[in-house]
Trainee: 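Below are the structure tokens for one structure; questions will follow.
So that the names make sense, note that chain A is the first sequence line, chain B the second, and so on, each numbered from 1. Atoms considered below: every heavy atom in the structure, side chains included; atoms not considered: hydrogens, waters and symmetry mates.
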Amino acid sequence: MTIRTRFAPSPTGYLHIGGVRTALFCWLYARRHGGQFILRIDDTDAERNRPEALQPILDGFKWLGITWDEGPEVGGPHGPYFQAQRGDLYRAAVMKLLETGKAYPCYMTKEEIDVLRKDAEANKASYVHRGRDRDLSPADAVRMFREKPASVRLKVAADQVVVIDDQICGKVEVQTNTISDPVIARSDGSALYNFATVVDDVAMNITHIIRAKEHLSNTPVQVLVYEAMGVKPPVFAHVPVVNAPNSNKKLSKRDAHKFVTPEVIAALRGVHAVPAEWTDEQIKKNESLNPVMVEFYRVMGYLPEGVINYLGRLGWSLDDKAEIIPIETMRANFGFERVNSSSASFDPAKMLWVASEYTKVAPLDSKIDGVIPVLQRAGLLGDTIDRDKLGTVVLACSERLKIFADVLNYAAFFFRDPQYDAKAVKQRLHKEGVAEALREFAELLKTADPFDVPTLEAKLATFSEAKQLKAGDLNHAMRVATTGVMIGPGVFECLVILGKDETLRRIDVALQLPRT
RNA sequence: GCCCCCAUCGUCUAGUGGCCUAGGACAUAGCCUUCUCACGGCUAAGACAGGGGUUCGAGUCCCCUUGGGGGUACCA
């Protein structure tokens, strides 16, 4: 039997970090066992769903490399893969349960049920609904339902125990006496989640249901639906939820704005991911550029491999040491045995570190590719792209690039004139006697040939020795004069990339900066 | 209220009765390296929620308490 897993997102417009992790586990499990991963769109809640809201989700999965074998865009033999288009299937399944006496139309009014519930509460007991029309014969049930449609409930057997042998949570047992007869279809004929999901999972031959832990409580009802349909339930694996940073509260879209801290706002502005005129409040309200959404990491220039690694490692471990686990290794080793049964907090700092490990070892070409959109968005790079120059810049930045947004911190001055930092100028350029020395050294620079790192380094060494200067002072001054700031790649590398003429020009400009 | 689940450093985790004076990683602090920053190296600090059992022996098994999460919907 081939293993089939599925992920069923709602088209909300954004791909949530927690959802991606669950989807990743589904994908990993299917791939590990040579099975299939199916994407099914849960668009039954018309209010919350907009048709255009699906694309960003698909794009997010594609960016991460989570490929689906059946679903939107690719189709498949078990379609449609949009639940809103599967209403007839649900209705047919309801009829079948009615005919076989496994379900019944419930004609009790909400008011009647409320009275029973209140009574139960008054007796400090929990209310377990058993409809009055439960014992209708199947023939009568079907006839009455045809004449007068009503909500349909599943008949829950008395005095039994539903056992779920969950691959992550272990054995979970629930008494049927604590389970109300669940409504499986509304009076208007539409199916409820607990029913629709089972009908679909059966129809799509899903063998392993891997989903968030919050669904564990629903599972007994679903198992009962499987049994009523005469189908053996699939294997269940409930993955603990992802919590918000430093908290034990679920990372929810609802609280998403809380994660847009002043640092995040600064980062988003820094990479020009939002229009400059937006206020902080507007940025907070933007749903997709939020650290709980995948899109945020794409915009900040995280390598998707890093995001995958971090998410895969969150709640799952390979062994007692491994942190950097390439996706191929995960694919080859992922299993439920090493998925933790408790929830895990999302840690942006560790995510950054993991991502940086991937960025550091990325091939030059992929670094160039990564840096291009960041520079373009910042208006530092046009449509004509000089990959050779970008290559030298990226190389000069070397391991300073943890994510591609860092190129703006370390290398912006290669693409525009220096923006002189007042503090840097004061401390480094206007330090006692330094500017004068720099003026003199600039003259010497004119004769540098070739204009490369060893030559420049040697010139500075002999010059500072002859003048009894600290080489560092001159280095620092030169950096500030040519880049405007105190941090960056090695000065000599910077000068070489800028070229002799530009270097001399910038030094000249800098030397005319007023003293404060 | 009732039902279900969870509980190791701030965070992610290793640990499946003796290998644990609890290991690794991120973050933090200090030192080293260094033209700045970043990288790298070294070091430090830092955890078994509490209480009862079981056992020669418990982070590991059982029970209770506490804390957290989920469900209890004609939501998903």
Trainee: How far does the P atom of B:U65 sit from the matching atom of B:C74, given to the nearest Å?
Mentor: 31 Å
Trainee: If you assign A:M108 and A:G488 each to the RNA chain B nucleotide with the nearest heavy atom, which residue ends up on the more 5' nucleotide?
Mentor: A:G488
Trainee: Quick check: on RNA chain B, is the nucleotide nearest A:A322 upstream (toward 5') of the one nearest A:C169, or the reverse? Name the residue that is more 5'.
Mentor: A:C169
Trainee: Rounded to whole angstrom, note down the P distance from B:G69 over to B:C61.
Mentor: 24 Å
Trainee: I'd like to know whether the aromatic ring centres of A:Y358 and A:Y302 sit less than 6.0 Å apart in this structure.
Mentor: no
Trainee: Rounded off to whole Å, could you give me the CD-to-P distance for the A:E493 and B:A38 pair?
Mentor: 17 Å
Trainee: Measure CG/A:D320 against C1'/B:A14 and give the value in whole Å, please.
Mentor: 5 Å
Trainee: Would you name the heavy atoms of A:P105 and A:F145 that are closest together and state the gap between them?
Mentor: CB-CD1, 4.0 Å
Trainee: With C1' as the reference atom in both, quote the distance from B:G70 to B:A27 in angstrom, rounded to an integer.
Mentor: 30 Å
Trainee: Give A:S151 one of three labels, base, sugar-phosphate or nothing, depending on what nucleic acid heavy atoms sit under 4.0 Å from its own.
Mentor: base
Trainee: So A:V172, base contact, sugar-phosphate only, or nothing? Heavy-atom distance under 4.0 Å.
Mentor: sugar-phosphate
Trainee: In this structure, how many angstroms lie between the C1' atom of B:C35 and the NZ atom of A:K431, rounded?
Mentor: 12 Å
Trainee: Tell me the partner of B:G10, counting only Watson-Crick (N1-N3 plus N6-O4 or O6-N4) or G-U wobble (N1-O2 and O6-N3) with both under 3.5 Å; none if nothing fits.
Mentor: B:C26
Trainee: Find the partner of B:C31: check Watson-Crick (N1-N3 plus N6-O4 or O6-N4) and G-U wobble (N1-O2, O6-N3) distances, both under 3.5 Å, and reply none if neither fits.
Mentor: B:G41
Trainee: Mind listing the N/O atom pairs, protein and nucleotides 70-73 of chain B, below 3.5 Å?
Mentor:
{"from": "B:G70", "atom 1": "O2'", "to": "A:E214", "atom 2": "O", "distance (Å)": "3.0"}
{"from": "B:G70", "atom 1": "N2", "to": "A:S217", "atom 2": "OG", "distance (Å)": "3.3"}
{"from": "B:G70", "atom 1": "N3", "to": "A:S217", "atom 2": "OG", "distance (Å)": "3.4"}
{"from": "B:G71", "atom 1": "O4'", "to": "A:S217", "atom 2": "OG", "distance (Å)": "3.4"}
{"from": "B:A73", "atom 1": "OP2", "to": "A:R117", "atom 2": "NH2", "distance (Å)": "3.3"}

Trainee: Can you tell me if A:R428 touches the phosphate of B:U36, counting only side-chain N or O atoms and a distance under 4.0 Å to OP1 or OP2?
Mentor: no
Trainee: Evaluate the ring planes of A:W316 and A:F334, with Trp represented by its six-membered ring, and classify them as parallel (under 30°), tilted (30 to 60°) or perpendicular (over 60°).
Mentor: tilted
Trainee: So which nucleotide from B:C37, B:G23, B:G15 ends up closest to the side chain of A:R338?
Mentor: B:G15
Trainee: At 4.0 Å (heavy atoms only), tell me whether A:R211 reaches a base, stays on the sugar-phosphate, or touches nothing.
Mentor: nothing
Trainee: What is the distance, to the nearest angstrom, from the CH2 atom on A:W353 to the C1' atom on B:G24?
Mentor: 10 Å
Trainee: Would you mind pulling out the nucleotide paired to B:U16, Watson-Crick or G-U wobble, both distances under 3.5 Å?
Mentor: none
Trainee: Return all side-chain donor-acceptor pairs below 3.5 angstrom for residues 423-436 of chain A, not counting sequence neighbours, or 'none' if the list is empty.
Mentor:
{"from": "A:K431", "atom 1": "NZ", "to": "A:D473", "atom 2": "OD1", "distance (Å)": "3.0"}

Trainee: Over how many whole Å does the gap from A:D319 atom CG to B:U16 atom P extend?
Mentor: 14 Å
Trainee: Under 3.5 Å, is there a donor-acceptor pair linking the side chains of A:R186 and A:S190?
Mentor: yes
Trainee: Would you mind reading off the distance between A:E457 atom CD and B:C35 atom P, rounded to a whole angstrom?
Mentor: 9 Å
Trainee: Would you say A:I327 and A:E305 make side-chain contact, with heavy atoms under 4.5 Å?
Mentor: no
Trainee: With distance as the sole criterion, is a donor-acceptor pair present between the side chains of A:Y127 and A:H129 under 3.5 Å?
Mentor: yes
Trainee: Is there a donor-acceptor contact under 3.5 Å linking the side chains of A:N194 and A:Q222?
Mentor: yes
Trainee: Can you tell me, in whole Å, how much space there is between the C1' of B:C35 and that of B:C26?
Mentor: 30 Å
Trainee: If we call it a pair only when both distances are under 3.5 Å in a Watson-Crick or G-U wobble match, what pairs with B:U60?
Mentor: none
Trainee: Counting only heavy atoms not in A:R416, do more than 12 fall under 6.0 Å of its CZ?
Mentor: yes
Trainee: Please work out if A:A349 contacts a base, only the sugar-phosphate, or nothing of the nucleic acid, heavy-atom cut-off 4.0 Å.
Mentor: sugar-phosphate
Trainee: Picking from B:A38, B:G23, B:C74, which would you name as closest to the side chain of A:Y410?
Mentor: B:A38
Trainee: Roughly how far apart, to the nearest Å, are B:C75 and B:C12 at atom P?
Mentor: 35 Å
Trainee: What distance do A:I507 atom CD1 and A:L498 atom CG have between them, rounded to the nearest 0.5 Å?
Mentor: 9.5 Å
Trainee: Work out how far the C1' atom of B:U72 is from that of B:C62, and round it to whole angstrom.
Mentor: 29 Å
Trainee: Tell me what A:P182 touches on the nucleic acid: a base, only sugar-phosphate, or nothing, going by heavy atoms under 4.0 Å.
Mentor: nothing
Trainee: Any side-chain donor paired with an acceptor under 3.5 Å for A:N218 and A:Y193?
Mentor: no
Trainee: Scan nucleotides 7-12 of chain B against the protein and return all N/O pairs shorter than 3.5 Å with their distances rounded to 0.1 Å.
Mentor:
{"from": "B:G10", "atom 1": "O2'", "to": "A:N246", "atom 2": "OD1", "distance (Å)": "2.9"}
{"from": "B:C12", "atom 1": "OP1", "to": "A:S345", "atom 2": "N", "distance (Å)": "2.8"}
{"from": "B:C12", "atom 1": "O2'", "to": "A:R313", "atom 2": "NH1", "distance (Å)": "3.4"}
{"from": "B:C12", "atom 1": "O2", "to": "A:K350", "atom 2": "NZ", "distance (Å)": "3.4"}

Trainee: Between the side chains of A:E112 and A:T109, does any donor sit under 3.5 Å from an acceptor?
Mentor: yes
Trainee: May I ask you to say what A:K360 touches in the nucleic acid, namely base, sugar-phosphate or nothing, with a heavy-atom cut-off under 4.0 Å?
Mentor: sugar-phosphate
Trainee: Output the rounded distance in Å from CD (A:Q427) to C1' (B:C37).
Mentor: 14 Å
Trainee: A:S317 side chain: which of B:G1, B:C74, B:U13 is closest?
Mentor: B:U13
Trainee: Roughly how many Å is it from CD in A:E121 to C1' in B:G1, rounded to a whole number?
Mentor: 8 Å
Trainee: Nearest to the side chain of A:K402 - B:C35, B:A38, B:C2?
Mentor: B:A38
Trainee: Using the C1' atoms only, state how far B:A47 lies from B:U13, rounded to an integer number of Å.
Mentor: 12 Å
Trainee: For the C1' atoms, the ones on B:G68 and on B:G52, what distance do you get once it is rounded to whole angstrom?
Mentor: 22 Å
